[in-house]
Amino acid sequence: MRFTLLTLGALVASVIAAPSSTHVLHEKRSTLPFGWERHNKLPSHEILPMRIGLKQSNLDKAEDFLMEVSHPSSPKYGQHWSAKKVAETFAPSRESFDAVTVWLKSSGISSERISRSQSMGWLTFDATVAEAENLLKTEFFMHKHTTGKPHVGCKDYSIPEFVQPHVDFITPTVHFDTKIPQGRHMEKRDMPLEKRVPPTIAAAGVPVESKAAVHKITDPSGGYLPKKGADINIQSIITELETCDEFIVPDCLRALYSFPPNFAANSKNSFGIVEYTPEAYLQGDLDLFFANFSKNQVQKTPTFDSIDGGVLQTTEESFEYNGESDLDLEYAMTLVNPQPVTLYQAGDLIEGASFNNFLDAIDGSYCTYEGGDDPTQDAVYPDPFGGYEGPENCGGFAATKVISTSYAYNEADLTAFYEMRQCNEYMKLGLQGTTFFYSSGDYGVAGNGGQCIAANGSYNDGTSGRFNPSFPGTCPYITSVGATQIKPGASVTQPEEACETVIFSGGGFSNVFPLPSYQAAAVKSFFANHPPPYTSAQYNNSQQTRGFPDISANGANYVIAVDGTFSLVYGTSASSPVAASIFTLVNEARLAIGKSSVGFINPVLYAHPGDLNDITSGGNMGCGTPGFTATTGWDPVTGLGTPNFPKLVATFLRLHYADEPATQSEPEADGATEAQHGDNSIAASADADADANTFTPAEQAEERAAASEVNSATEEATEQASSTAGSVKSAAQTAGKAVTGAAQSLGAAAGFGSQGSEAGSDAPPAETSKTVYVGNIFFDVRSEDLKKEFERAGPVVDVKIIMDPRGLSKGFGYVNFETVEAAQRAIELFNMQNYEGRRLSVQFSLSRTSIPPPRTPYANPADRPMHPPTKTLFVGNMSFDMSDRDLNSLFREIKNVIDVRVAIDRRTGQPRGFAHADFTDVESAERAMKELSGKVVCGRPLRIDFSLSAGRAAVGGS
C-alpha cells in the first residue's frame with residue numbers, strides 16, 4: 001500500500017501517536033504518487049487555504065440503508081429515497097461542528113476567520129504555513145508533477161484525539177489525486193491495433209501462455225485480430241451470427257445474452273454514458289455504424305449534457321480521441337433503441353475533468369460534501385487558464401437511471417479517503433435509484449498501462465510486484481464489469497471464456513474497501529474451493545476485502561465505425577455499456593408495470609447467481625503471474641458471469657416493496673410488458689436491425705399453422721405478441737388472442753379443460769365447470785403455491801401447471817375444485833388480480849368437446865397447400881442440432897438473399913426450429929423454393945413455404 005488511512009475503515013486500523021500526546025495520526029502517504037516529486041519546503045509566511053471536511057452522520061449505517069432498498073428479501077426493495085432525505089440523513093452533527101471549532105479556537109484560529117459551507121459539511125479558513133504546521137504537526141513542501149503542475153502537500157498530518165471522530169479529511173495535505181488529463185495514458189483498448197503490443201506479450205510485458213498467443217497481431221491468419229483499419233467486409237457479417245467469434249456486432253450480443261431489440265421508449269426510463277474531454281464522438285461515425293446495424297437511427301444523436309464546458313471537439317480526429325466515445329455510443333444507442341441515451345460530456349479542452357466534477361454536476365450537494373472537491377486534485381471552474389469561463393456545475397443535471405463509465409484509475413493512484421468519499425456518493429445515488437457500471441480494466445491483475453506495485457509502493461514495469469486493482473471498480477456500491485470472449489471457432493450458443501484476446505479482464509481484491517455483506521458468501525466460496533496460489537506479497541489475501549468484477553460481458557472483436565472506417569476494438573470499455581444497456585431494458589420492463597428502477601443491483605445479482613451465465617475458463621494474467629482463473633461461481637476474473645436477460649428480467653419483475661403495486665391498473669400495460677419481456681414461453685429472433693428485428697403478425701400466424709405440436713403453438717403465439725411492433729397496446733391485445741387460442745389446445749391435450757377466449761376466439765362460450773383456467777402465471781410459481789392461493793375460494797382437488805418438454809412452466813395451468821360454486825368464487829376473487837407481479841386471467845375451462853378437432857396431418861407433404869409467392873421464405877422443421885455453419889452452407893449457393901433470420905429462444909439461447917429468408921424479389925424467392933425443397937439437414941427434411949408476409953424487404957425497407 002502507498003498510504004494509510006486510519007479513521008475511515010482502511011486496512012490499517014491502529015492509531016499511531018503523533019509527537020504531541022494530544023494528537024494522533026490521521027492520514028499518511030508512504031510514497032508520492034506516480035509522476036510527482038517533492039521540492040522545497042514552503043516559507044512559513046505563505047498563506048494556505050485550509051479546508052476541514054466534517055464527518056458525515058450515519059455513514060456507519062449507510063450499507064444498511066442501501067440494503068433496505070436494494071436487497072431482494074427486503075420489504076422496502078425499490079423504495080428509493082429522495083435527494084432531500086439523503087442530504088438530511090448524512091448531514092454532519094452539531095457535535096462535530098462544535099468539537100472542531102473548539103480545537104481551532106484553542107489553536108489560535110479565531111471564529112471570525114472560520115467560515116462554514118451552506119451545506120454545513122465543511123469549515124474553511126486561511127492560515128500561514130507556520131500556523132498550519134503547528135495545527136497539524138507536519139511540514140509542507142512544494143511538489144511538482146512531470147507535466148509541470150505544482151502542488152502543496154505534506155507526507156502526513158495529525159489532529160487531536162478528541163477531534164478525530166469528527167473529521168474526515170483536511171486539505172491541502174496528502175491528496176495528490178488529479179483529474180483525467182487531456183493526454184491521459186492510452187490503455188490498450190484506446191490504441192489502434194497496429195500500435196498494440198503483440199498478443200504474444202502480456203499487458204505487463206510477460207510472455208503469454210494462453211490462447212491469446214496463438215497468432216501474432218501481425219499474422220493475417222489470425223482473422224479475429226486484424227489491424228485497425230483492415231478491410232472488413234461489412235455485408236458478410238451484418239446478416240449472419242456465424243462469425244461472432246471473429247466480429248462482434250449488435251445481433252451477436254442479443255444472441256449471446258438472449259435479450260430482444262427494444263421497441264418502446266419509456267419516458268420514465270433513462271440511460272447515460274459518461275465521456276471526458278477531449279474524447280468525443282463523430283456524428284459521421286455514428287451514422288456509418290447505424291447505416292449498417294440500425295438504419296432508423298441514422299442522423300440520431302444522444303442527448304447532450306455539457307458539464308463544466310464539456311465540448312465535442314473535432315480539432316483532433318483519431319482513434320485515440322474518438323475511439324472510446326464512438327464505441328460507447330454506437331453500441332449503447334443501438335441496443336436500447338428507441339430509448340434515448342444521454343451523453344454526459346465533462347470538462348473543457350484545457351482543464352478536463354475528474355469523476356468528482358461529474359458527480360458534482362448530477363448531485364449539487366456533492367460539491368461541498370466532506371469538504372468538497374480539492375482544487376489541487378479536481379478541475380476548477382471558471383477555468384483559471386482561459387478555458388470554460390462559467391461557474392462549476394453543482395447540480396443542474398439529472399442522474400439517469402443507469403450510468404456507464406469506461407474510464408478508471410488505479411486504486412493506488414488515489415488516497416483511501418478520496419476513494420471512500422467518492423464511493424459514498426455512489427451509495428447515496430444508489431439510494432436514489434441510480435445504477436452505476438464501471439469497466440474493470442484491461443490488464444488483468446495489473447493496473448492501467450500494465451503497471452504493478454513495487455515493494456516500496458512505487459509503480460514498476462509490470463514484470464513483477466503487487467497486483468494493482470482498479471478504482472472505482474473496487475467501490476462496493478457500483479457494478480464492476482469484466483470482459484469475456486467467444487471461444488475461437490465457437491458459436492453464440494456456446495459458453496464464453498474470460499477475455500484473452502489483446503486484453504485481459506481486470507479483476508482482483510481491494511486494498512481499501514472491506515468485503516460487503518452481499519458478496520461475503522461468494523468470496524468465501526471462491527477461497528474455499530479455488531484458493532489462488534499467491535501470498536500476501538502479491539495481493540490482499542485477507543479474504544476480508546471487496547472482490548471485483550461483479551459481472552462481465554463480451555469485450556473482444558467489436559466492430560465499430562471510427563474516423564470513417566470500420567475497425568475492431570477490444571476492452572472492458574465495450575463490456576460496461578453493453579451490460580448497462582441490458583439493465584436499461586430491465587428497467588423498462590419494471591417501469592412499464594409501475595415499479596421503480598432497479599437502482600443498486602449487486603445484492604440481487606449475488607442472491608440470484610443463476611441469473612447469469614457462469615464463465616469457467618480463461619484467466620487474467622499480469623505482474624509476472626498467470627493472474628486469477630475463471631471457475632465455477634464468482635471469481636475475480638469474470639465475476640458472477642454474463643447476463644441472461646430472460647432470467648434477470650423475471651427476477652427483477654418479481655421484486656417490489658410492500659406498498660408498491662405489482663402492476664399498473666390497466667390490464668393493457670401488464671400485457672404490454674408481458675409481450676416485450678416475459679411470458680414464460682416468449683422467444684425472440686436473432687435478426688439484423690434493431691428497428692426491424694421482429695416477426696410480423698402474418699409470419700406468426702404462419703408459424704402457428706406450421707407447428708406440429710401443441711406446446712410449440714403456445715411458444716409461437718407468444719412470439720407474435722413479442723414481435724408486434726406497431727404499439728405496445730396492440731401487442732398486448734394480440735398476445736391475449738394468440739396465447740389463449742394456444743392454451744385451449746394445450747389444455748385439452750393435457751387432460752384438463754381449456755379457457756374460453758375473451759379476445760376473439762371462435763370457440764363456443766365458456767361452460768361452468770369445477771375447473772378454472774389460470775393464465776399469465778409467473779414462471780417460478782409452483783403447483784403447491786397456486787393451490788394454497790386458490791384454496792381461499794374453496795376446497796381444491798388438484799392443480800396442474802402446464803410444462804414444456806424442458807420442464808419449464810408455460811405460464812398457465814388449471815385448478816380443479818370440489819364444487820362449481822368454488823370455481824365461480826375463484827373467478828370472482830382472482831380474475832385480473834395481481835399475483836406474484838402478474839395480473840392473472842381466471843376463467844371457467846372448456847370441456848374437451850368444445851375444442852376444435854386437431855388438424856389432420858398430410859400423408860404426403862407435397863399435398864400441403866402452398867402460400868402465394870412472396871419475397872420471404874419460411875424454413876421449418878429445422879433440427880436443433882443445425883449449426884450456424886450448416887445454415888450458411890444451405891444458403892451459400894442461393895442467389896439474391898438479403899437476410900436469413902433464425903428464431904432464438906430467449907431463455908436458453910437455442911434455435912427454435914424455424915427461420916425466415918428475405919430475397920430481393922419474388923422471382924428469386926421462387927427459384928430458392930425450388931432449390932431448397934427436398935433438402936435434408938441433420939436428418940430432418942426441411943419444410944419450405946412462402947411467408948404470409950413480404951418480410952423485411954417490404955416493411956420499411958430498413
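FYI, the numbering just counts along the sequence from 1. Since we're looking at a predicted model, the values are computed, not measured.
Formation of a donor-acceptor pair under 3.5 Å by the Thr638 side chain with backbone atoms of Gly641 is not found in this model. A donor-acceptor pair under 3.5 Å is absent between the side-chain atoms of Thr642 and the main chain of Ser552, judged by distance alone.
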Under the side chain to side chain contact (heavy atoms under 4.5 Å, CB included) criterion, do Glu68 and Asp64 qualify, and how do the steps go?
CA-CA 6 Å; Glu68 270 192 342; Asp64 292 338; 5.9 Å; no

Does the ring pair (Phe, Tyr, Trp, His ring centres under 6.0 Å) test come out yes or no for Phe437 and Phe583, once each step is laid out?
CA-CA 10 Å; Phe437 292 89; Phe583 279 89; 5.7 Å; yes

Assess whether side chain to side chain contact (heavy atoms under 4.5 Å, CB included) is satisfied between Val598 and Thr435, documenting all intermediate values.
CA-CA 7 Å; Val598 294; Thr435 312; 3.6 Å; yes

Before giving the answer on side chain to side chain contact (heavy atoms under 4.5 Å, CB included), spell out for Leu359 and Gln422 the whole-Å C-alpha distance, their side-chain angles and the decisive distance to 0.1 Å.
CA-CA 8 Å; Leu359 292 172; Gln422 189 175 110; 3.6 Å; yes

Quick one: do Phe358 and Tyr344 satisfy ring pair (Phe, Tyr, Trp, His ring centres under 6.0 Å)? Show the steps, please.
CA-CA 8 Å; Phe358 164 66; Tyr344 297 106; 5.1 Å; yes

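Checked against side chain to side chain contact (heavy atoms under 4.5 Å, CB included), Leu312 has the following partners two or more places apart in sequence or in another chain: Ala280, Tyr281, Phe304, Leu343, Gln345. Take Glu88 and apply the salt bridge (charged side-chain N to carboxylate O under 4.0 Å, His left out) test, not counting sequence neighbours, and it matches Lys84. Judged as a side chain to side chain contact (heavy atoms under 4.5 Å, CB included), and not counting sequence neighbours, the contacts of Glu789 are Arg792, Phe830, Tyr835. Residues satisfying the side chain to side chain contact (heavy atoms under 4.5 Å, CB included) criterion with Asp614, sequence neighbours excluded, are Thr616, Thr632. Listed by chain and number, the residues in a salt bridge (charged side-chain N to carboxylate O under 4.0 Å, His left out) with Asp635 amount to none (sequence neighbours excluded). Listed by chain and number, the residues in a ring-ring contact (aromatic ring centres under 6.0 Å, His included) with Phe271 amount to none (sequence neighbours excluded). Considering only residues two or more places apart in sequence or on other chains, Thr342 meets the side chain to side chain donor-acceptor pair (under 3.5 Å) condition with none of them. Contacts of Asp785 classified as salt bridge (charged side-chain N to carboxylate O under 4.0 Å, His left out), with partners at least two apart in sequence or in another chain: Arg782. Partners of Ser525 according to the side chain to side chain contact (heavy atoms under 4.5 Å, CB included) rule, which considers only residues two or more places apart in sequence or in another chain, are Asn529. Under the side chain to side chain donor-acceptor pair (under 3.5 Å) criterion, Ser517 pairs with Glu63, sequence neighbours left out. For the ring-ring contact (aromatic ring centres under 6.0 Å, His included) test, residues two or more places apart in sequence or in another chain that qualify with Tyr438 are Phe355, Tyr426.
In terms of heavy-atom proximity, Leu54 sits nearest to Phe97 at CD1-CA, 4.2 Å. Across all non-hydrogen atoms, the minimal contact from Thr277 to Gly310 is OG1-CA, 3.9 Å. Residue Leu515 comes nearest to Ala520 through the heavy atom pair CD2-CA, 3.7 Å, listed as atom of the first residue, atom of the second, then distance. The minimum heavy-atom distance linking Met333 with Lys300 is given by the pair CE-O, 4.0 Å.
Atoms NZ and NE2, on Lys85 and His80 in that order, are 12.0 Å from each other to the nearest 0.5 Å. Taking NE2 from His608 and CG from Leu640, the interatomic distance works out to 12.0 Å, rounded to the nearest 0.5 Å. From Leu585, atom CG reaches atom CG of Asn587 across 9.0 Å, with rounding to the nearest 0.5 Å.
Donor-acceptor pairing under 3.5 Å is lacking for the side chains of Arg590 and Ser597. No hydrogens or angles considered: nothing links the side chains of Ser573 and Ser439 as a donor-acceptor pair under 3.5 Å. For the residue pair Tyr257/Asn613, the side-chain donor-acceptor check at 3.5 Å is not satisfied. In summary, the side chains of Ser93 and Ser96 do present a donor paired with an acceptor at a separation below 3.5 Å, with no hydrogens or angles considered. For the residue pair Tyr409 / Glu419, no side-chain donor-acceptor distance below 3.5 Å is found, with atom types taken as modelled.
In this structure, Asp611 and Asn644 have side chains that are not in contact, with every pair of non-hydrogen atoms separated by 4.5 Å or more.
For Tyr407 and Tyr276, the distance between ring centers is under 6.0 angstrom.
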List the atom pairs, donor and acceptor, that lie under 3.5 Å between side-chain atoms in residues 470-480 and the rest of the protein, sequence neighbours left out.
from: Thr474; atom 1: OG1; to: Glu411; atom 2: OE2; distance (Å): 2.7
from: Thr474; atom 1: OG1; to: Ser470; atom 2: O; distance (Å): 3.3
from: Thr479; atom 1: OG1; to: Asn602; atom 2: OD1; distance (Å): 2.6

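No option in Tyr518, Phe436, Tyr606 other than Tyr518 meets the ring-ring contact (aromatic ring centres under 6.0 Å, His included) test with Phe600.
Using the six-membered ring where Trp is involved, Trp634 and Phe526 have ring planes that are perpendicular, over 60° apart on the 30 and 60° scheme.
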